Amino acid sequence: MPDLSWTNLGFNPVETNSIIVSRFKDGVWSEPQSVNSVEFSINFFAGSLHYASSCFEGLKAFRGADGKVRIFRPEENADRMTRSADFLAMPSPSKAMFLEMVARAVKENIEFLPPYGFNASMYIRPLIFGSSPQLGVATPAEVTFAVMVSPVGAYVGKTLVPVSAVLVRNYDRAAPNGSGSYKISANYAPSLRPYKIAHEQGFGEILFLDSSTHSCIDEFGSSNFIGIKDGVYVTPLSSSILPSITNKSLRTIAEDLGIKVERRPVSVEELQDFQEVGACGTAVVITPIHSITDKPALESEELTRTYSFGEKDKCGHVLHRMYDVIRGIQDGTEEDIHNWCMIL
Ligand code: PLP
Ligand code: COI
């Protein structure tokens, strides 16, 4: 049994028993192998290191109140990974192979799955990357698919404790006809510098705007944007944001709860109309946002305006209710009426 404190996990990699790996070469995927080390050897000329030929996924496994192990919507992640790999002109595993390797990664590391009741889960990170040597910009000849897992707690701060965010006006995440809607590694590089600056200034999250007009909200660096306006669930419709599986699930839950859903462009000015704002995603689940600061530039000491939402230290009641339902489905304490969980 690993010597882990389930209460203070945060979002950091923990070395587990195994990583499940398959390699694509000469048109076929190799038989998946369990690799017992987080270290591996790679050619310095590997395409992914130079030209970002890599994409990944994020999903979670939960230990339920009934002792069962549930993986939340893995088929959605399999489909999205194929979409990302297609965008990079790279091969992806079949859905059956993806699901099999994900299940095997959880089973082989089952003692790292946090018990029920600790606001913790097992994060599953499937990764596809170009692993063969190359110098020209081209699709890699050989590709590696790995599924790793790590026990995790809250992504930022503490579960359901609101955090602050800052609008990023002078850095863009994704171009209108670019790669923003794919879960490719290259999308995260443009957020590294803004994250560093924002964290140094004490902000917990960064919020990107649409890069063509900077007038509408795109998404947070790690997650989608949700606002609650007079009881309505509002979330941006944009071609440059990641189609979040959490957001899709929450929209369905909202409808089940009789909450109206609007998925449409959301202007920056509309921030003043929201009573609750949240970041949603696999890692962040629903993280309440208590304020969004607007500045002419991230580095600027000048503030244009700060928008505030609800109480500074408390999640608003609509987002809290939705959090309870999605976490209840994942923990087996709410009925899984849409059949979202794969039970191991
Ligand atoms: N947006 C970005 C940029 C993300 O990295 C993620 C995380 O995967 C999300 C949104 C949320 O997507 P999901 O709910 O599928 O995890
Ligand atoms: C996830 O939520 O699964 C992600 O991949 C987000 C990432 C920033 C940790």
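As the structure lists them, so they are numbered: ligands from 1, and atoms in each ligand from 1. What you see is a predicted model, and the numbers here were worked out from it, not measured in a lab.
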Checking side-chain polar atoms at under 3.5 Å, does [X] have a donor or acceptor matched by the opposite partner on [Y]?
| X | Y | value |
| --- | --- | --- |
| Glu142 | Ser131 | no |
| Arg104 | Ser34 | yes |
| Arg73 | Ser249 | yes |

Relative to the heavy atoms of [X], which atoms of ligand 1 are at a distance of less than 4.0 Å?
| X | value |
| --- | --- |
| Thr282 | 13 (P), 14 (O), 16 (O) |
| Ile245 | 13 (P), 14 (O), 15 (O) |
| Gly221 | 3 (C) |
| Glu219 | 1 (N), 2 (C), 3 (C), 10 (C) |

Q. Phe309 and Leu271: side chain to side chain contact (heavy atoms under 4.5 Å, CB included), yes or no, with the steps?
A. CA-CA 9 Å; Phe309 316 101; Leu271 283 175; 4.2 Å; yes
Which of the atoms of ligand 2 are close to [X], meaning less than 4.0 Å from one of its heavy atoms?
| X | answer |
| --- | --- |
| Arg125 | 5 (O), 9 (C) |
| Thr282 | 2 (O), 3 (O) |
| Tyr155 | 8 (C), 9 (C) |
| Phe56 | 5 (O) |

Q.
Determine whether the aromatic ring centres of residues Tyr195 and Tyr188 are separated by less than 6.0 angstrom.
A. no
Q: Write out the residue and atom name of the closest protein heavy atom to atom 6 (C) of ligand 2, then the distance separating them to 0.1 Å.
A: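 Here the nearest protein heavy atom works out to Ser222 O, 3.7 Å.
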Nearest-0.5 Å distance that lies between atom [atom1] in [X] and atom [atom2] in [Y]:
| X | Y | atom1 | atom2 | value |
| --- | --- | --- | --- | --- |
| Gln275 | Ser308 | CD | OG | 13.0 Å |
| Lys229 | Gln272 | NZ | CD | 9.0 Å |
| Asn17 | Asn36 | CG | CG | 7.5 Å |

(Q) With the threshold set at under 4.0 angstrom, would you say Lys183 reaches ligand 1 through any of its heavy atoms? (A)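 Lys183: in contact with ligand 1 (<4.0 Å).
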Q) Looking at ligand 1, does Arg80 have a heavy atom less than 4.0 Å from it? A) yes
Q. Does an N or O anywhere in Arg173 fall below 3.5 Å from an N or O of ligand 1?
A. no
**Q.** Test of proximity, Tyr188 against ligand 1: N or O pairs below 3.5 Å
**A.** yes
(Q) Classify the ring geometry of Tyr123 against Phe11: parallel below 30°, tilted from 30° to 60°, perpendicular beyond 60°. (A)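 Perpendicular: the ring planes of Tyr123 and Phe11 meet at over 60°.
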Q | Plane angle bin for Phe145 and Trp29 - parallel if under 30°, tilted between 30 and 60°, otherwise perpendicular | A |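 Geometry flag for Phe145 against Trp29: perpendicular rings.
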Q: Evaluate whether atom CZ of Arg264 has more than 12 neighbouring non-hydrogen atoms of other residues, nucleotides or ligands under 6.0 angstrom away.
A: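 Count over threshold, so yes.
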Q) Which residue from Ser244, Ser181, Ser222, Ala174 reaches closest to atom 12 (O) of ligand 1 through any of its heavy atoms? A)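 Going through Ser244, Ser181, Ser222, Ala174 one by one, Ser244 has the nearest heavy atom to atom 12 (O) of ligand 1.
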With nothing but distance in play, are any N or O atoms of [X] less than 3.5 Å from an N or O of ligand 2?
| X | result |
| --- | --- |
| Ala283 | yes |
| Lys183 | yes |
| Tyr123 | yes |

Q. Which bit of Lys60 gets closer than 4.0 Å to ligand 2, counting heavy atoms only: side chain, backbone, both or neither?
A. neither
